[in-house]
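Just the heavy atoms: all of them, side chains too, but no hydrogens, waters or symmetry mates, feed the values below. In listed order, ligands and their atoms are each counted from 1. Here the structure is a predicted model, which means the values were calculated and not measured.
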Amino acid sequence: MTIPYGRQSIGQEEIDAVVSVLKSDFITQGPQVQVFEEAITASTGAGFAVAVNSATSALHIACLALDLGPGKLLWTSPNSFVASANVGLLCGAEVDFVDVDETTFNMCPDQLAARLEEAERRGALPDVVMPVHFGGEPCDMPAIGALAKRYGFRVIEDASHAIGASIGAARIGACGHSDIAVFSFHPVKIVTTAEGGAAATNDADLAARMIRLRSHGVTRDESLYEGAADGPWSYQQIELGLNYRMTELQSSLGVAQMRRLDEFVERRHALAARYDAAFADLPLATQVRAPGSRSALHLYVVRLDDAARRRPVFEALRAAGVGVNVHYIPIHTQPFYRRRGFAVGDFPNAEAYYAGAISLPMFPDLAEADQNYVISTLTSLLA
Ligand SMILES: *Cc1c(COP(=O)(O)O)cnc(C)c1O
């Protein structure tokens, strides 16, 4: 039996919710999608939420809604899943990265400021910057938001790890320092819809545009029509969109999961506190959590002081039935990105972090006995 690094927690309420949708009139996008979107706005404080079939889709329509396209530039974090950068390329824009801070593993606001100063001199400022709340730990959004005002770029938070996280009293998704925040509902994330994602925003026009983009660029809003409606059956396609809709099955699962969000994040904090205490004297570093913020704790990463030991320790943990993982191989070192001109050495902090990183099991249903086994196994390996 392997203890996974992440796993969904599905209760009877979730099962009943999905079964009742199966017996209802709607199974594709219908009333449950709106209920789920309302649960997201209620929890995050966002004005609007647009639910779609994945976070990748949500990031894509967020970029499209901000007019990211050919001749435009997206900056994101190299310490992320490839989707964060891919969506910029899918829009036809160029992509670049801003290195991470060595202690938070998040996009470094000082490096961002320095890169912006230099980009302004070259006349090559980004159009959109996408910080990633790595592991659920909020990026320094007040600093990034201030830079956005000064340099005139838009901000999309890749909050795939961070539903339930907050900065001060503001939940991630409240978008106080950004245009759009995107959540993932993949089973290893904080709450799940099996596959799914959502984009939160306070801007009604951006929300309306993302609602259109998730469904082919088609509208039934007659005030947006060119010319008169053909009849009561009318719809018009007014821009190019996709089919990124979320189903009723997924949404009903999401509604039931959102009721457990706070309980899930609480449990993750309790588990993290046990890891923190157990590892205090081991030769490793953990992600620094900012005092004024609350992480959603999607991941619990240990960064071994001696990167040469990462592979043997990883392999020994796997052999012992501890399903560790690594987050993330720096995006710019992937073959596809190297073919586009990036090279090993471009973002040294992300690379140095990656070299020592191991993600340990962290999910609400992780039993303390199993966590104790993870702790004792890692402790004896590093002793
Ligand atoms: C999981 C993840 C995504 C993609 O989410 P999907 O819902 O699987 O499309 C994007 N960015 C980050 C940082 C992620 O962890």
Quick one: does [X] get an N or O within less than 3.5 Å of an N or O on ligand 1?
X      : value
His161 : yes
Phe81  : no
Tyr328 : yes

Which of the ligand 1 atoms, numbered from 1, are nearer than 4.0 Å to a heavy atom of Gly196: 7 (O)
Check each atom of ligand 1 against the heavy atoms of Val132 and keep those under 4.0 Å away; list them by number with element. 13 (C)
Measure the distance from [atom] to every protein heavy atom, then report the residue, atom name and distance (to 0.1 Å) of the closest one.
atom                    : value
atom 4 (C) of ligand 1  : Thr56 OG1, 3.6 Å
atom 2 (C) of ligand 1  : Lys189 NZ, 2.7 Å
atom 10 (C) of ligand 1 : Ser160 OG, 3.4 Å
atom 5 (O) of ligand 1  : Ala55 CB, 3.2 Å
atom 11 (N) of ligand 1 : Asp158 OD2, 2.8 Å

Which word best sums up how the rings of Phe342 and Phe347 line up, parallel for under 30°, tilted for 30 to 60°, or perpendicular for over 60°? tilted
Is there a donor-acceptor contact under 3.5 Å linking the side chains of [X] and [Y]?
X      : Y      : answer
His332 : Glu351 : yes
Arg245 : Ser215 : yes
Asn53  : Arg214 : no

Does ligand 1 have an atom under 4.0 Å from some heavy atom of Ser57? no
Tell me, please: is Phe134 in heavy-atom contact with ligand 1, that is, under 4.0 Å? no
With a 4.0 Å heavy-atom cut-off (strictly under), which part of Ser84 contacts ligand 1: side chain, backbone, both or neither? side chain
Options Ser184, Ser54, Ala162, Ser80, ranked by nearest heavy atom to atom 13 (C) of ligand 1, top entry: Ser80
Ion pair Glu13/Arg259, N-O distance below 4.0 Å: yes
Quick one: do Asp262 and Arg267 make a salt bridge, cutoff under 4.0 Å? no
Do the side chain of His161 and the main chain of Gly135 share a donor and acceptor less than 3.5 angstrom apart? yes
Would the distance check show the side chain of Gln287 and the main-chain N or O of Phe105 forming a donor-acceptor pair, the cut-off being under 3.5 Å? no
Shortest non-hydrogen pair, Ala46 vs Gly173, comes out as CB-O, 3.1 Å
